[in-house]
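Values in this document were obtained by computation on a predicted structure and should not be read as measured data. In what follows, every chain begins at residue 1, and chains take the letters A, B, ... in the order their sequences are listed.
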Amino acid sequence: MDSLASLNPRQQSAVIANPGPTLILAGPGSGKTRVLTHRIAYLVGQMGVAPYRIMAVTFTNKAAREMKTRVEALLEGQLRGLTVGTFHSICARFLRREAEHLPVTADFVIFDDSDQQALVKQVIKEFNLNDKQYAPGKLLNKISSAKNELIGPDEFTASTYFNEIVKRVYVRYQQLLVANNALDFDDLLMGVVELFRRHPEVLAKYQRQYEHILVDEWQDTNTAQYTLLRQLAAQHRNLYAVGDPDQSVYRFRGADYRNVRKFQEDYPDALTILLERNYRSTQVILDAAMAVIDQHPGRTRKQLFTERQGGAAIYAYEAYNEQDEAQFVVDTIAELTRTGLAAPGDCAVMYRTNAQSRSVEEAFLRAGLPYRLVGAQRFYGRKEIKDALAYLRLIHNPADSVSLLRVINTPPRGIGGKTLELLNELATANGLTVADVLRDLGDSGNQSRFMARLGNKAATSLINFGRMLTHWHSARGELAIVQLLDTVLNRIGYKEYLDDGTEEGEERWANVLELRGVAADAGDMTLAEFLEQVALVSDQDTLAEEGKAPTLLTLHAAKGLEFPVVFIVGLDEGVLPHQRSFDDPEAMHEERRLMYVGLTRAKDRLYLIRAFRRSLYGDSALSDVSRFLGDIPTNLLTGNLSNRQTRAETYYKRATTWDGGTLNLSTPNQKPVTVRPSEPTYRTSQRVRHAQFGEGIVLETKFVGGDEEVIIVFESVGVKRLAVRVAKLETLKG
DNA sequence: AAGGCCCTTCTTTTT
DNA sequence: GAAGGGCCTT
C-alpha cells in the first residue's frame with residue numbers, strides 16, 4: 001500500500017482516526033480525495049474491516065468511480081462488496097431491493113426534470129388551474145423542497161392559499177408518479193428515509209451491515225441526505241464526513257452548509273480535523289481566493305497555505321462585449337500554447353450560466369480550435385435523445401404514460417390530439433391504462449373490443465403501434481440494449497425522420513448515434529440498469545480523462561476539478577453574482593462561494609474577465625464590474641482591469657464619447673443606461689475586399705469609443721479586427 | 001393530422 | 001435569441 005508516509009501529518013491523523021464520528025474540514029486542494037481513499041484502504045488493509053461493511057457516498061458517479069479505482073490501486077486488488085456510489089444511485093439500489101415495501105415495483109423508472117414537468121402540467125390541466133399563476137416550475141420547486149425536507153404530501157401544511165394549491169397538486173402528482181411506476185430524484189432519497197422509518201427491521205439490516213460510512217462533499221447534503229446518513233450510522237456511529245462549508249453551492253437543491261455545524265452538534269464527541277495545506281494553487285491564487293471568501297459573513301476563517309510562494313499575477317481583463325471576452329480567451333490560450341507556458345488541454349473556461357458558453361464556443365469555432373464542453377444534462381435533455389430513450393423506457397415500463405405520450409406520435413404516424421383523447425376515454429371508461437388499451441389493440445387487431453369507437457385510419461395506426469410495443473416488450477430480454485435500440489430506430493424510421501437534409505438534422509442524428517454508442521458500451525447490462533444509469537448521470541460524469549482541448553464548463557460543474565489555467569468569464573454584476581441573488585442575502589453568499597470555488601480550481605494561472613457591455617434578452621446593456629473582483633487586492637492583479645479607479649473613469653469617458661444623443665450619464669458611478677451607437681457602415685455576413693488581405697466576410701461590426709470597428713474573416717489570413725476609418729474596405733455583392 | 005408562423009416568456013446553478 | 005404555445009392553413 002502506498003504508505004502513509006506520502007501524507008502530511010494532518011492527513012495522516014485523518015486517515016488513522018479512531019472509529020467514531022469524524023469531521024474533516026478540507027480546504028480546496030488539500031487532498032481530501034486522497035484522505036478518503038487512504039481511509040478506506042486503511043480500514044480494509046490495516047483494521048481488517050470487510051469491504052462490504054463500508055459505504056462511501058459521493059455526489060457524482062465520476063467521483064465514485066475515481067474513489068473506487070484509487071482504493072483498489074492502494075490495496076492492489078479488487079474490492080468486492082464495497083458500496084461506493086452517489087446518494088441517488090445507492091438509494092435507487094436500496095429501493096429496488098426493498099420494493100415489496102413500496103407503492104412501486106422494483107422496475108420503477110426515474111423521472112427527470114422534464115418528465116416531472118409533464119406530470120405537473122397534466123395535474124394543472126386536470127385541476128383547471130391557471131398555469132401563469134401556478135407555473136409548473138414553481139410548483140415543482142415547492143414540491144422538491146418539501147421532499148428534500150422530508151415533508152410528504154400528507155404532512156404538507158398549507159399556510160397560504162398558494163400553498164393550499166401546492167398541496168393539492170403535490171398529492172395528485174405523487175399519485176400520478178405511482179401510477180406511472182415512477183419516482184423522481186427526490187423520491188429516491190425521501191423514499192429510503194421513509195422506508196427506514198416505517199420498517200425498522202429493514203433499517204436494522206443495513207445498520208448492521210454498514211459499519212463504516214464515509215461521505216464526500218458533506219456541505220452539499222440536504223435534510224433528506226443528512227437524515228438518511230444519521231439513520232444508517234445510528235448503530236456503529238462511524239460516520240466519516242469530509243467537506244468544506246466554503247464550497248457549498250447547491251442551496252437550490254436543498255443543500256445546507258450548516259449541516260457541517262449540525263454534525264458537530266449532533267455528534268459532540270466528533271473528532272474534527274482541519275486540512276489547510278493546499279497542494280494545488282500558487283500563493284497568489286490562494287490569497288485572491290481567501291480575500292473573496294473572507295468577506296463571507298458568519299464563517300470560520302481558514303488559513304490556507306501552500307509551498308508555491310508567489311506565482312503569476314492574476315490577469316483581470318475588461319472586454320468590450322462577450323464576443324470580445326471570448327476572443328480574449330481564445331487568443332490567450334493560443335498565446336500560452338505558442339510560448340509553451342501551457343497546453344490547450346490545461347485550460348478551462350468557467351461561467352455562471354450555461355447560456356454563456358455560446359459566445360465562447362463561437363470564438364473557438366471561428367478560430368477553428370477544438371474544445372470540450374461539459375454537460376450531460378444538455379445531451380440527455382435533447383429532444384431526439386429523450387425520444388429515443390422514451391421508447392426504451394416505455395418498452396421497459398409500459399405504465400410510463402409520460403414516455404408513451406412522447407413517442408406515440410413521434411415520428412408522426414397519424415395519432416393526433418383527437419385520437420389521444422379518445423384513447424384516454426376508452427382507458428378510463430374501462431378502468432384500464434392507455435398502455436392496456438394499446439396492448440389489446442395490438443393483440444386482437446380488428447377483433448379488439450375497442451374498435452367500435454375508433455375511425456379506420458386511427459385504428460390502423462393504433463393497432464400498428466400497439467403491435468410494435470408488444471413485440472419489443474417481449475423481445476427486450478433477449479436483445480442487448482444496443483440491438484433493441486437499433487431495432488426500434490430502424491422500425492420507426494428515426495434516421496429518415498431526423499435527418500431532413502439540414503445541418504441541424506444531421507446533428508440530431510449524430511446525437512442519436514452517440515446515444516447508440518452509450519448503449520453499445522452498456523454491454524449486457526439489463527434494460528433497467530441502463531435506464532437507471534442514464535437517468536442518474538451528472539454533468540461531471542461526461543468529463544472523460546483530460547483531453548487535448550480546453551474545457552468549457554459551469555462553475556458548478558467545476559467543483560472538485562483542477563486546471564493549470566483557469567478563465568472565469570462574466571465577472572459582471574448580474575451575471576456573477578447572478579441577478580437572482582440580489583434580494584436574497586443567503587443566495588448572495590452562495591454566489592460568493594461559487595466564485596471561491598472557481599478561483600480555487602486554478603493551479604498556476606488565473607484570468608478573470610468581464611465584458612463592458614453584454615447582450616441580455618436580445619439587446620445589449622452595460623454592466624458593472626462584479627463586486628467579487630473588487631474584493632481581490634489590486635497588488636495581486638494585472639491587466640486592464642487591475643486599477644479600479646482608472647476603470648471607473650474610463651467607463652465615463654468611453655460612455656460620454658459615444659453618440660451622445662441618448663446618454664444621460666452625469667457621474668462616473670451612476671448606473672449607465674443602454675447606449676445606442678450610430679448605424680454601422682457594414683452588415684454581418686457582408687462580403688468585402690481589403691487591399692492587403694483580399695476577400696472576406698464581415699462577422700461583426702461595433703463601435704469602440706466612437707470609432708467603428710469591423711471583425712472580418714479573410715480567406716487568406718483568417719480573422720482580423722479593423723477600424724473602418726482606416727481600413728478602406730470595398731463592399732462586394734453576394 | 002401536420003406543419004408553419006407568430007406570439008410570448010424567459011434564463012441560474014443539477015442529481 | 002430559443003423554445004414553447006397558440007393559431008393558422010393545407
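- Residues A/Tyr206 and A/Arg97 have side chains that bring a donor and an acceptor to within less than 3.5 angstrom of each other.
- In this structure, A/Arg251 reaches neither bases nor backbone, as no heavy-atom distance under 4.0 Å exists between it and the strands shown.
- Residue A/Ile408 holds its CD1 atom at 6.0 Å from CG of A/Leu462, rounded to the nearest 0.5 Å.
- Remark: A/Arg593 engages A/Glu590 in a salt bridge, criterion side-chain N to carboxylate O under 4.0 Å.
- Each of A/Asp624, A/Asp324, A/Asp572 was checked for a salt bridge (Lys or Arg N to Asp or Glu O under 4.0 Å) with A/Arg614, and the lone residue meeting it is A/Asp572.
- Between the CG atom in A/Asp113 and the CZ atom in A/Phe185 there is a gap of 8.0 Å [rounded to 0.5 Å].
- A salt bridge links A/Arg382 to A/Glu507: one of the charged nitrogens lies within less than 4.0 Å of a carboxylate oxygen.
- Inspection of the A/Gln225 and A/Asp220 side chains reveals no N or O donor paired with an N or O acceptor under 3.5 Å.
- Residues A/Lys383 and A/Arg358 both approach DNA chain C. Their nearest nucleotides, taken by heavy-atom distance, put A/Arg358 toward the 5′ side.
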Readout for nucleotides 1-8 of chain B: B = base within 4.0 Å of protein heavy atom, S = sugar-phosphate only, - = neither; 5' to 3' it is SSS-----
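- Defined by atom type and a distance below 3.5 Å, a donor-acceptor pair is missing between the side-chain atoms of A/Tyr596 and A/Gln247.
- Residues A/Gln295 and A/Asp631 have side chains that never bring a donor and an acceptor to within less than 3.5 angstrom of each other.
- Among the protein residues, A/Lys559 comes within range of no part of the nucleic acid, since none of its heavy atoms lies under 4.0 Å from any strand.
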For nucleotides 13-15 of chain B, tabulate all protein N/O to nucleotide N/O atom pairs closer than 3.5 Å, reporting atom names and distance.
residue, atom, partner, partner atom, Å
B/dT13, OP1, A/Asn354, N, 2.6
B/dT13, OP1, A/Asn354, ND2, 3.3
B/dT13, O4', A/Arg352, NH1, 3.3
B/dT13, O2, A/Arg352, NH2, 3.4
B/dT13, O2, A/His556, NE2, 3.4
B/dT14, OP1, A/Asp539, OD2, 3.2
B/dT14, OP1, A/Thr554, OG1, 3.0
B/dT14, OP2, A/Asn354, ND2, 3.3
B/dT15, OP1, A/Ser538, OG, 3.4
B/dT15, OP1, A/Asp539, N, 2.6
B/dT15, OP2, A/Gln377, NE2, 2.3
B/dT15, OP2, A/Asp539, N, 3.4
B/dT15, O4', A/Arg253, NH1, 3.3
B/dT15, O3', A/His88, ND1, 3.3
B/dT15, O2, A/His88, NE2, 3.0

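- Base pairing in DNA chain B yields stems of at least 3 consecutive Watson-Crick or G-U pairs, both distances under 3.5 Å, namely B:1-10 with C:1-10.
- Contacts of residues 574-586 of chain A with DNA chain B (heavy atom under 4.0 Å): A/His578, A/Arg580.
- Screening A/Asp400, A/Asp387, A/Asp115 for a salt bridge (Lys or Arg N to Asp or Glu O under 4.0 Å) involving A/Arg406 leaves a single residue, A/Asp387.
- Atom-to-atom distance recorded for A/Leu536:CG and A/Gln533:CD is 9.0 Å, nearest 0.5 angstrom.
- Judged by distance alone, with hydrogens and angles left aside, the side-chain atoms of A/Glu322 form a donor-acceptor pair with the main-chain N or O of A/Ser615 at under 3.5 Å.
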request  = Decide yes or no on side chain to side chain donor-acceptor pair (under 3.5 Å) for A/Glu325 and A/Tyr351, but give the supporting numbers first.
outcome  = CA-CA 12 Å; A/Glu325 174 180 69; A/Tyr351 34 81; over 6 Å; no
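- Atom pair A/Lys121:NZ and C/dG4:P shows a separation of 8 Å (rounding to whole Å applied).
- Comparing B/dT13 with C/dG4, their C1' atoms sit 22 Å apart, to the nearest whole Å.
- With sequence neighbours left out, the ring pair (Phe, Tyr, Trp, His ring centres under 6.0 Å) criterion links A/Phe108 to no other residue.
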Write out a two-atom table: protein N or O, nucleotide N or O from nucleotides 6-10 of chain C, distance below 3.5 Å.
none

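- Side chain of A/Glu591 to backbone of A/His578: a donor-acceptor contact under 3.5 angstrom is found.
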